[in-house]
Structure formats: C-alpha cells, structure tokens
Amino acid sequence: RCIDLETVTRMFDAEEAGEMDYSGFLAAIMDHRLEDRQDLVKAVYAFFDSDADGTVSLSDLECVLDTRSAKEVLEIGDTDGDGELSFEEFLDLLRRG
C-alpha cells in the first residue's frame, strides 16, 4: 500500500515527470541534512516503509521513486544482500550520499 505522495513528489521532481528519481532523492535528503538528525531519519524511513513491516523493500521504494531509481537505491544501500534496506543500511546510505 503506497502512501499518497503527490505533494512530496512535486517538491523533489525537478524535471516535472511525476516521479522522484535517484538524484532528486539524494538532493532532498542531503539538503535537509537528515543524516545528522535521528528523529527525522526515523520519520523518513517510516515514510519509505509503506507496508510498515520494518524494512524498505523494492516495492516500498517504488511508491516514491521511479523503478530504475528504486532499484539503484536498493543495489547501493542493501549491503547484506537480503533485498531490503534495514534502518542501519538506510542511515548508511544517507551518510554516503
């Protein structure tokens, strides 16, 4: 179940394509320095975890990012190879930018 992200997507959709791409995702999180604020990082993680199962999967990411970008985020961030982003992997992804 995807959260209605029309307003959020518009905020970060520089190309006005109706989707947020990986570059827009990184720009959004880096602009707000979320990696330094645990409370905000937890809120963003919960936002991406659209099915509230405690991990961010490809389908969760596809609720926010276009498919190519979602796959790229997962490929870069999934350091243990389980096909999902744990909170720790998500935080590490933010720190690496």
K.L.:
Calculate, to the nearest 0.5 Å, the distance between atoms OG1 and CG belonging to Thr67 and Leu58 respectively.
P.N.:
7.0 Å

K.L.:
Using the side-chain hydrogen bond (donor to acceptor under 3.5 Å, both in side chains) criterion, which residues pair with Asp53? Sequence neighbours excluded.
P.N.:
Thr55

K.L.:
Measure the spacing between CD of Glu72 and CG of Leu65 and express it to the nearest 0.5 Å.
P.N.:
9.5 Å

K.L.:
Which heavy atom in Leu74 sits nearest to a heavy atom in Val56, and how many Å separate them?
P.N.:
CD1-O, 4.2 Å

K.L.:
When you measure from the side chain of Glu62 to the backbone N and O of Ala70, does any donor-acceptor pair fall under 3.5 Å?
P.N.:
no

K.L.:
Does Phe87 reach the side chain of Asp49, with side-chain heavy atoms less than 4.5 Å apart?
P.N.:
no

K.L.:
Which atom pair, heavy atoms only, marks the closest approach of Asp78 to Glu84?
P.N.:
OD1-O, 3.1 Å

K.L.:
Walk me through whether Leu85 and Phe48 qualify under side-chain contact (heavy atoms from CB on, under 4.5 Å).
P.N.:
CA-CA 10 Å; Leu85 295 177; Phe48 275 94; over 6 Å; no

K.L.:
Could you report the tightest heavy-atom contact between Ser50 and Asp60, atom names first, then the distance?
P.N.:
OG-OD1, 2.8 Å

K.L.:
Is a side-chain donor or acceptor of Tyr45 paired with a backbone partner of Leu91 at a separation under 3.5 angstrom?
P.N.:
no

